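Values below: every heavy atom of this structure, side chains too, minus hydrogens, waters and symmetry copies. What you are looking at is a predicted structure, and each value in this text was computed from that prediction instead of being measured.
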Amino acid sequence: MMQVRDPKRKIFLIATEESGDRLGSALMKVLRQRLGDGVEFEGVGGLTMAREGLETLFPIEELSIVGLAAVVQQLPKILRLIRETADAVTEAAPDVLVIIDSPDFTHRVARRVRAKNPSIPVIDYVSPSVWAWRPGRARAMLGYVDHVLGLLPFEPEEYRKLGGPPCSYVGHPLTEQLGSLRPNMEEQKRRAGEPPVLLVLPGSRRSEIRHHLDVFGAAIGQLQSSGVAFELMLPTMPHLEATIRAGVANWPVKPRIAVGETEKRAAFRIARAALAKSGTVTLELALSGIPMVTAYRVGAMEAFILRRAIQVSSVILANLVIGKDVIPEFLQEDCTPSRLAGALSEVLTDSPMRRQQVEAFAQLDTIMSTGDKSPSVLAADIVLATMRKGR
C-alpha cells in the first residue's frame with residue numbers, strides 16, 4: 001500500500017520594512033527548524049527573509065515613501081499593491097498569514113483576506129501603538145486578527161482592557177542583542193573615563209533630522225559654553241551620512257560621526273550619556289545603561305494632530321516599559337537649546353536625575369524577560385498553535 005505523505009504547511013508572511021524583515025527571517029528560521037522540509041513560505045519581505053528562502057511578491061523598497069505629498073502621489077500604486085497582496089494570500093490559501101508591523105499596509109491586506117476567506121488565521125507580529133493613540137483600533141482588530149505578538153511587556157494587558165484580540169508578549173529583539181549593546185571591561189573604563197562620551201541621536205528619517213539638528217547643535221554649543229567637557233559622537237546610517245555631515249557643518253562643536261550599525265553599537269558601549277529623539281532608540285539606550293535626555297519636534301500641523309491623539313503620559317518608549325517617567329522629555333516648544341543643555345549637564349554628572357535613570361535601567365532585564373525562550377521561538381510557538389487544523 002502506497003504511503004500518503006502529509007502535505008507541506010504553507011505560511012504566508014508580509015513585512016515591508018527592514019525591522020520587520022529581520023523579525024520575519026528569525027521567525028522563518030525557527031519554523032524551518034520545527035517543520036523541516038514540511039513547510040513552504042510565500043509573501044513579501046526584504047533581503048534577510050530572502051536569505052531564508054522567501055521569494056518576495058514585490059521589492060519592499062517600493063513602499064519606502066517619505067512625506068505626505070509623496071504618499072498622495074503614490075496612493076494608486078499603494079492601493080494596487082494592497083489588492084495584489086491580498087489576492088496572492090487568498091490564492092495561496094495558507095495555513096496561517098503572519099503580518100509583521102507596518103499596519104498601514106499589512107492591516108489593510110489582512111482585512112481584505114478575512115473578507116475573502118475567513119478560514120485563514122491571521123497573526124499580527126508587532127502591535128500597532130493602540131496604547132498610545134487611536135485605542136479603538138484594538139477592538140477593530142478583533143474582526144481580522146486572531147492573535148497579536150507583542151514586543152513590549154505591557155501590551156497583553158492593554159489589549160485586554162481595550163477589548164482587542166488575544167495578545168502574548170514574546171519579547172523585543174533588542175533583548176537578544178545585549179552583548180553588542182553593553183560594554184566589556186575595557187569599554188567600561190572608557191565609559192567612566194574623561195572626557196565623557198556624549199551621543200547625539202537626531203533620528204533615522206530625513207524629516208526628523210531636519211526638525212532636530214539645529215536645536216540639538218545649539219544645545220551642544222550652550223553645554224560647551226557652560227564649561228562642561230565632553231567628546232561628541234553622532235551615530236547614523238550610511239544612507240543618511242551626507243545629510244548629517246551637511247547638517248552639522250555649522251555646529252559650534254563638531255561631532256565624530258559613526259556610520260553603520262557596528263560603529264553605532266561600539267559608540268553605545270563607551271557612552272556616558274545621550275541626547276536622543278524619542279523612539280525605539282530610547283529603549284536601546286536604556287538597555288545599554290546610558291542615561292539620556294529626549295526631545296521631539298514635528299511640524300505645526302502634525303503637532304496639532306498628535307496633541308489631540310496621544311493617550312499616554314510619556315511618548316518615551318523606555319519610560320512606558322519601566323512604568324515610570326524617569327527620562328526627561330522636551331517636546332515641541334519645550335524643545336529649546338537652553339532646556340536641553342541644562343538637562344544634559346545633569347545626566348553627564350552624578351546627579352539625582354542620572355542616578356534615578358541608572359537604577360531604573362537596571363530593572364529592565366527582569367521587566368523584559370521572556371524566560372529561557374527567545375522572542376523568535378515564542379513567536380513560532382504561537383504561529384504553529386494558530387495554524388489551520390486538519391490540513
Side-chain angles (χ1 to χ4, degrees), residues 10-35 39-66 71 74 77-78 81-82 84-86 88-89 92 94 96-110 113 122-129 145 147-152 170-177 180-181 203-206 208 235-240 259-262 264-265 279-281 283-284 317 374-380 382-383:
K10 191 181 288 185
I11 298 173
F12 203 108
L13 305 104
I14 306 172
T16 67
E17 292 182 34
E18 277 185 37
S19 55
D21 179 48
R22 287 194 293 273
L23 286 173
S25 80
L27 176 60
M28 287 169 71
K29 194 173 284 183
V30 178
L31 289 167
R32 200 178 288 287
Q33 285 167 1
R34 298 281 180 83
L35 298 170
V39 64
E40 60 181 79
F41 299 110
E42 291 187 37
V44 177
L47 293 175
T48 55
M49 287 169 75
R51 283 198 283 271
E52 289 301 318
L54 184 84
E55 202 170 307
T56 186
L57 286 176
F58 60 85
I60 61 173
E61 291 73 27
E62 289 196 36
L63 289 171
S64 301
I65 299 158
V66 180
V71 169
Q74 299 283 326
K77 182 173 91 169
I78 297 167
L81 290 173
I82 288 168
E84 288 177 359
T85 305
V89 178
V96 65
L97 166 63
V98 183
I99 56 172
I100 306 172
D101 212 353
S102 312
D104 289 338
F105 184 88
T106 60
H107 283 232
R108 284 175 169 83
V109 172
V113 169
V122 179
I123 289 180
D124 186 11
Y125 195 178
V126 186
S127 166
S129 306
V145 170
H147 208 119
V148 179
L149 308 181
L151 269 52
L152 304 170
V170 297
H172 200 285
L174 283 173
T175 60
E176 296 182 276
Q177 300 162 30
S180 68
L181 285 168
S204 58
R205 294 186 172 94
R206 284 184 170 81
E208 293 171 342
T236 192
M237 289 297 125
H239 68 284
L240 296 169
V259 182
E261 194 64 30
T262 303
K264 172 187 148 183
R265 294 290 171 91
T280 306
V281 76
L283 192 54
E284 211 170 347
L317 195 51
S374 71
S376 47
V377 166
L378 286 172
I382 294 167
V383 170

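Closest approach of Ile99 and Ala110 over heavy atoms only: CD1-CB, 4.1 Å. What you find for Thr175 and Pro375 is that their closest heavy atoms are OG1-CG, 4.0 Å. Across every non-hydrogen atom of Tyr125 and Val98, the tightest pair is CB-CG1, 4.2 Å. Across Met49 and Ser25, no two heavy atoms sit closer than the pair CG-N, 3.5 Å. Scanning all heavy atoms of the two residues, the minimum distance from Val126 to Asp124 falls at O-OD1, 3.4 Å. The two residues Leu31 and Val39 make their nearest non-hydrogen contact at O-CG1, 4.4 Å.
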If you look only at distance, which donor and acceptor atoms sit under 3.5 Å apart when one is on a side chain in residues 52-59 and the other is two or more places apart or in another chain?
| unit_1 | atom_1 | unit_2 | atom_2 | d |
| --- | --- | --- | --- | --- |
| Thr56 | OG1 | Gly45 | N | 3.1 |
| Thr56 | OG1 | Gly45 | O | 3.4 |
| Thr56 | OG1 | Phe58 | O | 2.8 |

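A distance of 7.0 Å separates CG of Leu152 from CG of Leu283, quoted to the nearest 0.5 Å. The CD1 atom of Ile60 sits 8.0 Å away from atom CD of Glu17, with the distance rounded to the nearest 0.5 Å. Residue Glu42 holds its CD atom at 11.0 Å from CD1 of Ile14, rounded to the nearest 0.5 Å. Expressed to the nearest 0.5 Å, how far CD of Glu84 lies from NZ of Lys77 amounts to 11.0 Å.
Remark: the backbone N or O of Thr48 is paired with a side-chain donor or acceptor of Asp21 at under 3.5 angstrom. Thr106 places a side-chain N or O within donor-acceptor distance of the main-chain N or O of Asp101, the cut-off being under 3.5 Å.
In this structure, Thr85 has no side chain to side chain donor-acceptor pair (under 3.5 Å) partners at least two apart in sequence or on a different chain. Partners of Glu284 by side-chain contact (heavy atoms from CB on, under 4.5 Å), not counting sequence neighbours, listed by chain and number: Leu174, Leu181, Glu261, Lys264, Arg265, Phe268, Val281. Qualifying side-chain contact (heavy atoms from CB on, under 4.5 Å) partners for Ser374, counting only residues two or more places apart in sequence or in other chains: Glu176, Ser376, Val377. By the side chain to side chain donor-acceptor pair (under 3.5 Å) test, Arg34 is found to be paired with Asp381, residues two or more places apart in sequence or in another chain being considered. Remark: His147 pairs with no residue by the ring pair (Phe, Tyr, Trp, His ring centres under 6.0 Å) rule, at least two apart or across chains. Take Glu18 and apply the side-chain contact (heavy atoms from CB on, under 4.5 Å) test, not counting sequence neighbours, and it matches Arg22. For Glu208, the side-chain contact (heavy atoms from CB on, under 4.5 Å) test picks out Ser204, Arg205, His212, Lys277, Tyr296, with sequence neighbours left out.
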Full working for side-chain contact (heavy atoms from CB on, under 4.5 Å) between Ile11 and Met28: CA-CA 9 Å; Ile11 298 173; Met28 287 169 71; over 6 Å; no
